[in-house]
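Here the structure comes first, spelled out in structure tokens, and everything after it is commentary.
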Amino acid sequence: MEACTEEEQVKLLGWLRSPCVTRVRIALALKGIQYQFIEDDAENKSQLLLQSNPVHKKVPVLIHNGKIVCESMIIVQYIDETWDTKAPNLLPKDPYDRAIARFWAAFVDDKLASSIWGVLMGQGEKQQKAVEESLANFLLLDDALRASSCSGNAYFGGGEIGFADIALGGGLVSLKAIQKVTKTVLVDPQKMPHLCAWIDRFFEIDLVKGILPDPVKVLERISYLRAKFTSAMAGN
């Protein structure tokens, strides 16, 4: 029997509606890595998931030749470094540019995601505060993209999507759903023209189109989460 190649031993554990899983799927597709997708259940997590990621007990989980890697952007970096001979480079070669890419990816996870989550789960003054924080965070991203465009780049620091773009782009479908469910505008075309132009470009990439989750199913999930939270708050 012919031995399996390195790429044939790549497995991704996750669920298709997850923004973080979408990040990893985009990275694998950009690198042209073949893998087996194992879909889990967000409401009834499998033993494979619990055993593979006992610390956080969440997806995505990448299993490469039996080695387990967790956390989406750590996985994206692992993919880039493991298959460094495959184009494109998701992280820049220049140390400073790499630092900037990591900075914006961390900003998305540490600042932006929490404020958007506050919009979805908040009510009254708490929700309004989360809306204001989200707007401020998106304005910062718009400014970063403006600076990048002044250097002739269509994306964060480059002419092709890379590390920071994947960090932000993985959640765009969920962002649209959250705005619809909460009846809020978090990305203002008038105030954030560079960010809106970037979003349009991101959605038009053929490879990305085939990976982004089904908007209808994402909307169903976001609506469910909002209703579940609202019901819980009403019961307190």
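FYI, the numbering just counts along the sequence from 1. Everything numeric in this text was worked out from a predicted model, so none of it was measured.
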inquiry  = Once side chain to side chain donor-acceptor pair (under 3.5 Å) is applied, do any residues pair with Asn89, and if so which ones, sequence neighbours excluded?
reply    =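 Applying side chain to side chain donor-acceptor pair (under 3.5 Å) to Asn89 gives none.
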ask   = Residues two or more places apart in sequence or in another chain: which of them pass side chain to side chain donor-acceptor pair (under 3.5 Å) with Ser223?
value =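 Residues passing side chain to side chain donor-acceptor pair (under 3.5 Å) with Ser223: none at all.
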Quick check: do [X] and [Y] have side-chain heavy atoms less than 4.5 Å from each other?
| X | Y | answer |
| --- | --- | --- |
| Val187 | Cys196 | yes |
| Ile205 | Leu30 | no |
| Thr230 | Gln123 | yes |

Main chain of [Y], side chain of [X]: is a donor-acceptor contact present, judged purely on distance under 3.5 Å?
| X | Y | result |
| --- | --- | --- |
| Ser115 | Leu112 | yes |
| Glu204 | Lys209 | no |
| Gln179 | Leu186 | yes |
| Asp97 | Asp94 | no |
| Lys180 | Leu219 | no |

task = Can you label the angle between the Phe103 ring and the Phe107 ring as parallel, tilted or perpendicular, going by 30° and 60°?
result =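 Phe103 vs Phe107 ring planes: parallel.
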request  = Please say whether more than 12 non-hydrogen atoms of neighbouring residues, nucleotides or ligands are located less than 6.0 Å from NZ in Lys45.
outcome  =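 Result for NZ/Lys45: enclosed.
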Only counting residues at least two apart or in another chain, list the ones meeting side-chain contact (heavy atoms from CB on, under 4.5 Å) with [X].
| X | value |
| --- | --- |
| Ala164 | Trp104, Phe156 |
| Lys191 | Leu139, Asp188 |
| Asp109 | Arg23, Met73 |
| Gln36 | Lys11, Ile38 |

query = Of all residues at least two apart in sequence or in a different chain, which pass the ring pair (Phe, Tyr, Trp, His ring centres under 6.0 Å) check with Phe202?
reply =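 If we apply the ring pair (Phe, Tyr, Trp, His ring centres under 6.0 Å) test to Phe202, skipping adjacent residues, the hits are Trp198.
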request  = Would you verify whether the NZ or CZ of Arg102 falls within 45 degrees of the ring axis of Phe163 while also being under 6.0 Å from that six-membered ring's centre?
outcome  =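 Here Arg102 fails the 6.0 Å and 45° test against Phe163.
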query = Can you list the residues that meet the salt bridge (charged side-chain N to carboxylate O under 4.0 Å, His left out) rule with Arg98, with sequence neighbours excluded?
reply =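 Checked Arg98 against salt bridge (charged side-chain N to carboxylate O under 4.0 Å, His left out); matches are Glu81.
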request  = Establish, from distance only, whether the side-chain atoms of His64 and Tyr78 form a donor-acceptor pair under 3.5 Å.
outcome  =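 Side-chain D/A pair, His64 to Tyr78: present.
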message = Please list all pairs meeting side chain to side chain donor-acceptor pair (under 3.5 Å) that have one or both residues in residues 142-152, counting only residues at least two apart or in different chains.
response =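 Matches after skipping sequence neighbours: Asp143-Arg146.
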Do any side-chain atoms of residues 12-19 form donor-acceptor pairs under 3.5 angstrom with protein atoms, and if so which ones, sequence neighbours left out?
residue: Ser18; atom: OG; partner: Cys20; partner atom: N; Å: 3.3
residue: Ser18; atom: OG; partner: Val21; partner atom: N; Å: 3.2

ask   = So how far is it from Ile178 CD1 to Leu120 CG, rounded to the nearest 0.5 Å?
value =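 Ile178 atom CD1 to Leu120 atom CG measures 5.0 Å (nearest 0.5 Å).
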task = Only pairs at least two apart or in different chains count here, so list each salt bridge (Lys or Arg N to Asp or Glu O under 4.0 Å) that has a residue in residues 213-230.
result =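 Sorted pair list: Glu43-Arg221.
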Without placing hydrogens or testing angles, list every side-chain donor-acceptor pair under 3.5 Å for residues 48-57, not counting sequence neighbours.
residue: Ser52; atom: OG; partner: Leu48; partner atom: O; Å: 2.6
residue: Asn53; atom: OD1; partner: His56; partner atom: N; Å: 3.3
residue: Asn53; atom: ND2; partner: Lys58; partner atom: O; Å: 2.9
residue: Lys57; atom: NZ; partner: Pro54; partner atom: O; Å: 2.9

